[in-house]
Amino acid sequence: MRQNNPTQTTMKLLLHLSIFFAILFISLPSSYSCNSVEKNALLQIKKSFNNPRKFSSWNPQTDCCTTWSGVKCTNGRVTDLSLFSSKLYGQIPDQIGDLLELRSLFLTYLPHLTGNIPRTITKLKNLDSLILRHNNLSGPIPDNIGELKKLSFLDLSYNQFTGPIPGSLSQMPMLETIKIDHNKLTGSVPNSFGSFVGNVPNLYLSNNKLSGKIPSSLSKNDFNGVFLSKNSFTGDGSMFFGRNKSTVSLDLSRNMFEFDLSKVQFARGIVDLDLSHNRIFGSLPRELIELRGLKLFNVSHNRLCGKIPRGGLLQSFKSYVFAHNRCLCGAPLKAC
């Protein structure tokens with residue numbers, strides 16, 4: 001009688017065990033199935049958008065963590081919600097606040113997404129990214145949005161938001177970027193932006209209806225990027241300059257800033273500098289020729305005077321970036 005090879009016996013045993021555990025795993029209910037409260041919240045979101053075809057995979061009889069499009073889970077809790085569709089109609093329901101483990105919320109390019117940001121959004125204490133750009137949301141940005149202490153990226157750009165910039169944004173210790181450009185916000189920059197409790201964030205405020213003077217306290221901050229174009233800011237904008245700052249991009253264009261450019265010092269690493277369409281006076285500092293990384297530069301439509309310093313990258317720019325000043329001269333403009 002032929003005996004089984006010990007190796008073959010071991011292989012058969014392992015095969016039988018693997019089949020047994022596979023059957024056991026399939027027969028047992030998953031310990032990480034979708035949380036019932038969060039599933040109901042998602043179904044309310046679907047209902048608020050009038051149950052469009054986009055949500056065909058959101059079947060109440062299935063597990064929201066495994067088969068629902070735009071939904072991602074960790075250990076059975078919804079952590080990411082991403083919706084992109086031009087055919088969604090409706091508003092963000094209060095039930096969004098029931099997704100307590102949510103870390104990222106992306107509702108973007110939804111032109112028929114209307115209404116306010118519900119105040120229940122501040123229940124999402126684990127939120128890291130809140131991106132609601134390119135929609136048709138309106139009303140004020142909630143005052144208590146500063147309660148989202150783990151938020152690092154805020155993007156509410158390209159909407160119809162009105163009212164002031166919430167000062168509570170400065171109380172968010174992890175915030176790295178504030179994008180609230182292309183809205184209808186009014187008022188000025190909050191005084192509290194002179195003392196962020198954590199990071200000094202990139203500041204995108206362009207294309208709003210903001211006005212008034214920038215608080216001088218912002219001079220203490222070392223911004224990497226500041227974008228204020230197409231508003232109605234007045235007064236001194238020189239607080240964003242400084243030789244020892246790490247600023248890379250600075251866009252103050254199309255405002256009514258008034259300050260002496262000859263007295264400012266430039267961050268050595270600046271790459272983009274747009275000061276056009278203001279009331280800036282004085283002369284161009286010779287220090288500009290030391291900016292070796294400058295790629296975008298525009299000082300047109302101001303009240304500058306004097307000779308354009310020769311050297312560095314200044315003569316590589318077209319003449320229009322110096323045009324429409326009081327009396328600038330020298331290459332690439334006409335000789336003095």
Side-chain angles (χ1 to χ4, degrees), residues 177 181 189 193-194 200-207 210-336:
T177 298
D181 52 293
V189 176
F193 277 25
V200 176
N202 293 312
L203 201 57
Y204 294 79
L205 307 181
S206 300
N207 290 79
L210 300 167
S211 60
K213 296 182 178 180
I214 305 292
S216 59
S217 57
L218 268 69
S219 63
K220 298 181 295 183
N221 293 328
D222 184 7
F223 290 98
N224 184 263
V226 177
F227 305 87
L228 306 183
S229 67
K230 295 185 180 179
N231 283 290
S232 297
F233 290 119
T234 59
D236 190 357
S238 64
M239 74 280 295
F240 297 111
F241 293 91
R243 180 171 296 177
N244 296 322
K245 292 189 175 183
S246 59
T247 308
V248 173
S249 298
L250 180 59
D251 186 354
L252 306 184
S253 65
R254 298 183 184 276
N255 284 285
M256 293 180 282
F257 286 117
E258 296 184 59
F259 58 91
D260 187 346
L261 189 61
S262 63
K263 294 183 178 180
V264 305
Q265 295 181 323
F266 299 92
R268 298 295 184 181
I270 200 162
V271 173
D272 301 324
L273 179 61
D274 192 344
L275 306 178
S276 62
H277 293 269
N278 279 288
R279 299 172 181 176
I280 301 170
F281 55 92
S283 59
L284 293 179
R286 185 164 181 77
E287 184 187 357
L288 282 168
I289 68 175
E290 300 173 10
L291 304 181
R292 301 300 183 181
L294 206 56
K295 293 182 179 179
L296 185 153
F297 178 74
N298 197 336
V299 293
S300 65
H301 294 270
N302 278 292
R303 300 173 179 178
L304 298 168
C305 206
K307 186 175 183 179
I308 298 172
R310 190 163 187 84
L313 298 172
L314 289 185
Q315 278 67 45
S316 68
F317 293 103
K318 301 292 185 181
S319 60
Y320 72 85
V321 308
F322 300 96
H324 300 285
N325 275 287
R326 185 162 286 169
C327 51
L328 278 182
C329 59
L333 296 179
K334 293 181 180 180
C336 296

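For the pair Asp222 and Thr247, the tightest heavy-atom approach, listed with the atom from each and the gap, is OD1-N, 4.0 Å. Among all heavy-atom pairs drawn from Ala331 and Gln315, the shortest one is O-NE2, 2.9 Å. Here the closest heavy-atom approach between residue Leu314 and residue Pro309 is recorded as CD1-O, 3.5 Å. Residues Leu252 and Asn255 approach most closely at O-ND2, 3.1 Å, considering heavy atoms. Residue Val299 comes nearest to Asn325 through the heavy atom pair O-ND2, 3.1 Å, listed as atom of the first residue, atom of the second, then distance. In plain terms, the two heavy atoms of Gly330 and Cys336 that are nearest each other are N-SG, 3.6 Å.
In this structure, the side chains of Leu313 and Leu291 stay at 4.5 Å or more apart for every pair of heavy atoms. The shortest side-chain heavy-atom distance between Asn278 and Phe259 does not fall under the 4.5 Å cut-off. Between Leu218 and Phe223 the shortest side-chain heavy-atom distance falls below 4.5 Å. Looking at Leu261 and Pro285, their side chains come closer than 4.5 Å, going by heavy atoms from C-beta outward. Contact check for Pro332 versus Phe322: side-chain heavy atoms found under the 4.5 Å cut-off. Between Phe281 and Asn302, the closest side-chain pair of non-hydrogen atoms is not below 4.5 Å.
Not a single donor-acceptor pair under 3.5 Å links the side chain of Asp251 to the backbone N or O of Leu228. Side chain of Asn202 to backbone of Gly225: a donor-acceptor contact under 3.5 angstrom is found. Under the 3.5 Å distance criterion, the side-chain polar atoms of Asn231 are left unmatched by any main-chain donor or acceptor of Phe233. In this structure, Ser206 contributes its side chain and Phe227 its backbone to a donor-acceptor pair below 3.5 Å. A distance-only check finds no donor-acceptor pair linking the side chain of Glu258 to the backbone of Gly237 [under 3.5 Å]. A distance-only check finds a donor-acceptor pair linking the side chain of Lys245 to the backbone of Asn221 [under 3.5 Å]. Under the 3.5 Å distance criterion, the side-chain polar atoms of Glu287 are matched with a main-chain donor or acceptor of Phe266. Between the side chain of Asn298 and the backbone N or O of Ser276, no donor-acceptor pair lies under 3.5 Å.
Here the straight-line distance linking atom CG of Leu275 with atom OG of Ser238 works out to 11.0 Å at 0.5 Å rounding. Note that the CG atom of Leu294 and the CZ atom of Phe317 stand 4.0 Å from one another [nearest 0.5 Å]. For the atom pair CZ (Phe297) and CG (Asp274), the distance works out to 9.5 Å, reported to the nearest 0.5 Å.
Using the six-membered ring where Trp is involved, His301 and His324 have ring planes that are parallel, under 30° apart on the 30 and 60° scheme.
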Test log, rule side-chain contact (heavy atoms from CB on, under 4.5 Å), inputs Phe241 and Leu250: CA-CA 9 Å; Phe241 293 91; Leu250 180 59; 3.6 Å; yes

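Inspection of the Ser232 and Ser211 side chains reveals no N or O donor paired with an N or O acceptor under 3.5 Å.
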